[in-house]
Participant: 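First, the structure itself, so that you have it in front of you.
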Amino acid sequence: MKSRWQEQGARKSKDDLLALRVYTSRLLGGDPALVLQGGGNTSVKLNITNLFGEPEEVLYVKGSGWDLAAIEKQGFAPVRLDLLKRMAGLDHLTDIEMVRNQRAAMTDPSAPNPSVEAILHAIIPFKFVDHTHADSVVAVSNTKNGEARIKEIYGRHVLIVPYVMPGFILARKVFEMTREIDWRRLEGMILLHHGVFTFSNDAKESYTRMIRLVTKAEEYLKKKKAAVHFAKAKINDDLPGLANIRQAVSRARNSAVIARWNPGNRQVAFANHPKARTIATRGPLTPDHVIRTKRIPAIIGQDPQKGVERFVKEYRQYFLRHATAGLKPLDPAPRWAVWPGYGTISFGTTLDETNIINDITEHTIDAILQAEKLGGWQALPEKDIFEIEYWELEQAKLNKSTGAPVFQGKIALVTGAASGIGRACAETLQAQGAVVAALDIDPAITKIFKQPEALGIICDVTKPRAIEKAVSATVRRFGGLDILISNAGTFPPSATIAQTDQSSWQKSLNINLNSHQILMKACIPYLELGVDPAVVIIASKNVPAPGPGAGAYSVAKAGLTQLARVAALELAAKNIRVNVVHPNQVFDTAIWTKKVLEARAKHYKMSVQEYKTSNLLKTEITSRDVANLAATMAGPVFGKTTGAQVPIDGGNERVI
Ligand code: ZN
């Protein structure tokens, strides 16, 4: 492992120990082989002068909720050192008491909660303390003869601590183990199945020791030929299978999830490993990962749903095996799956969550395969993992989030999304938590909707092949499809039937009617596998109240409405709702060019301004208004409505 220390970077913080602490914490946090996703913690002990001018020793320890990679000074919680040291000597301390007393001992009450390892940091008699969950060290430790191997690597200059619960119990254990020990002869500590501690009065030395210790484990793995390499994988594709798995996971979680399929070389090799089923289900890399990934993944078999169902059943049994009275079970849905032939899938209610899980499992796979080459992967017993999963301090980290947005975990596809109503629909759904595939023929779409939160796709909706590709790309990227807003449209030049140019007539039918049928046909197989699936068709007031001179438009939109009605009848059995909005006078859309607007106003013998608000409520209707209605129709408010047509036109006598 390479040291990332740079004199130049460190020099800036030379006389400011907390700044130096920030610097080396970020060095550790920036290396995913050392810490992953909020894991690990660091501290520095500082002498400060308190309000009364008295000297005081304070431990600045990583605050919970901060990530080492991006930590700032205010990410460290300042706790009076003396109190923490005395806590280590207690025979017994509950987590609640520990947290309460630590908070009470902080010199800044607005700082974050100190790391659960604060007491351990306090009893290590050096200024700088660094702690990581280094992959290589944990991989060696998670083997059948792990402890012996760790001893072989590190000899006597490292304290080897058997696995116990983190927090007070671990601090107390180390406190007892080191009563008679001269800390100065120690280079660091290895916590079996957990990670590494290093320390020094010098920031650089503590960091360098970490790199040194981790390098030793890496070299050991190399020497034992346990390093892993992956051949280039052939990518297979089973998108209905993916959507099916996602639907089963969403049901188990009682919340829509995004499914991130990873067909990388490593993931495919692992999924195709002859012993995948047994090695993937022995337990996580480090116990703290259980909060993100649960103890083990689901293993997908021939029938995608069954793999998820088996996981759910076994999770419930696991809970019953270990639960104490009064403990409530967490949702039984898997957080990742091993999919033989295809790779891995991570599930999250947000894209962030899927990415965090994907990161963790990537490292887990390497460690498992390395440990297999060292005689066999052996994670902690499930009871230890359960204790962390249901540890109140860990649960508190997860329960911080308040009410989820209405479309969290939902996957939507919107056409005609580069401007006007389509764009507003895509933005509205996204703002309410959905991930969105935004389609438009305008190439600007890829810039308007950027990855990873949204997927802008250039697509001519009149071309069946282009539609198929766009729908596939959506499912491949997010794992399924729940909401379809079929909006793409065109407004042909005003012309009577007698005047209508045939190509203009055909173009209107192609875009305003046929394309919607092509799109629906491509989406239905995935909507059937969606979560509370819904289709919203953007039609027109011209359907219930046509106007002369707009035949090509009105006829196509009337056909479109009829298509939606038939779809509502056909798809109800599949639980897919189909509803229609009839907007009118939405003038901030691409079809309302100045020319069209003037022509329509003239036709009704009005000024443009009069025409814009010529409705009963005398109000202007915006794309955003239509989008809000369309989103509402795709959501739970319309959960029991299908086949409805709702005008959004400011009130129109002819429609009423
Ligand atoms: Zn730890």
Side-chain angles (χ1 to χ4, degrees), residues 21 24-25 27-29 31-43 59 61-69 71 75-77 84 88 95 98-99 102 112-124 128-142 146 150 158-175 177 188-199 206-207 209-210 213-214 217 283-293 295 356 359-360 363-364 367 379-380 384-385 387-389 391-398:
R21 178 68 284 179
T24 56
S25 300
L27 292 186
L28 296 173
D31 193 336
L34 287 175
V35 294
L36 274 178
Q37 304 296 354
N41 40 63
T42 57
S43 68
L59 176 82
V61 63
K62 192 198 94 158
S64 97
W66 282 78
D67 198 313
L68 286 182
I71 199 156
F76 288 89
L84 289 171
D95 297 323
M98 179 179 83
V99 170
Q102 283 177 352
N113 268 336
S115 153
V116 292
E117 308 294 16
I119 300 175
L120 179 50
H121 281 257
I123 61 169
I124 297 174
F128 289 88
V129 177
D130 294 19
H131 168 47
T132 72
H133 300 158
D135 283 354
S136 54
V137 177
V138 184
V140 175
S141 163
N142 283 0
I150 293 287
V158 165
L159 183 71
I160 297 170
V161 185
Y163 179 80
V164 291
M165 277 279 280
F168 174 73
I169 297 171
L170 174 59
R172 170 83 201 166
K173 177 93 190 162
V174 173
F175 177 74
M177 286 178 78
M189 288 194 294
I190 304 288
L191 313 180
L192 295 176
H193 303 288
H194 177 166
V196 190
F197 271 84
T198 54
F199 30 80
S206 184
Y207 171 73
R209 282 179 171 188
M210 179 64 71
L213 292 186
V214 174
L285 183 55
T286 64
D288 62 317
H289 290 168
V290 72
I291 305 305
R292 300 287 195 181
T293 62
R295 194 179 75 86
I356 289 172
D359 259 18
I360 293 176
H363 287 258
T364 306
L380 279 170
D384 290 308
I385 304 296
E387 275 173 13
I388 298 290
E389 188 175 359
W391 189 18
E392 53 191 347
L393 297 184
E394 288 291 359
Q395 290 306 318
K397 281 189 201 167
L398 293 183

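We count ligands from 1, going down the list as the structure has it; atoms in each ligand are counted the same way.
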Participant: Taking the six-membered ring for Trp, are the ring centroids of His121 and Phe199 within less than 6.0 Å of each other?
Facilitator: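 No, ring centres 6.0 Å or more apart.
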Participant: Nearest 0.5 angstrom please: Thr132 OG1 to Leu213 CG, how far?
Facilitator: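 Spacing of OG1 (Thr132) from CG (Leu213) equals 9.0 Å.
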Participant: Please round to the nearest 0.5 Å and tell me the distance separating atom CG of Leu120 and atom CD1 of Ile169.
Facilitator: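 Rounded to the nearest 0.5 Å, the CG-CD1 separation comes to 13.0 Å.
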Participant: Which distance, rounded to the nearest 0.5 Å, do you find between the OG1 of Thr286 and the NE2 of His363?
Facilitator: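 So the OG1 of Thr286 and the NE2 of His363 are separated by 11.5 Å.
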Participant: With sequence neighbours excluded, what pairs up with Arg172 under the salt bridge (Lys or Arg N to Asp or Glu O under 4.0 Å) test?
Facilitator: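 Here the qualifying residues are Asp91, Glu176.
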Participant: Keeping to distances under 2.8 Å, can you name the protein N/O/S atoms close to the Zn ion (ligand 1)?
Facilitator: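 Those protein N, O or S atoms (cut-off: under 2.8 Å from the Zn ion (ligand 1)) are His131 NE2, His133 NE2, His194 NE2.
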Participant: Using a strict threshold of under 4.0 Å (side-chain N to carboxylate O), is an ion pair present between Arg21 and Asp130?
Facilitator: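 Judged by the 4.0 Å cut-off on N to carboxylate O distance, Asp130 and Arg21 do form a salt bridge.
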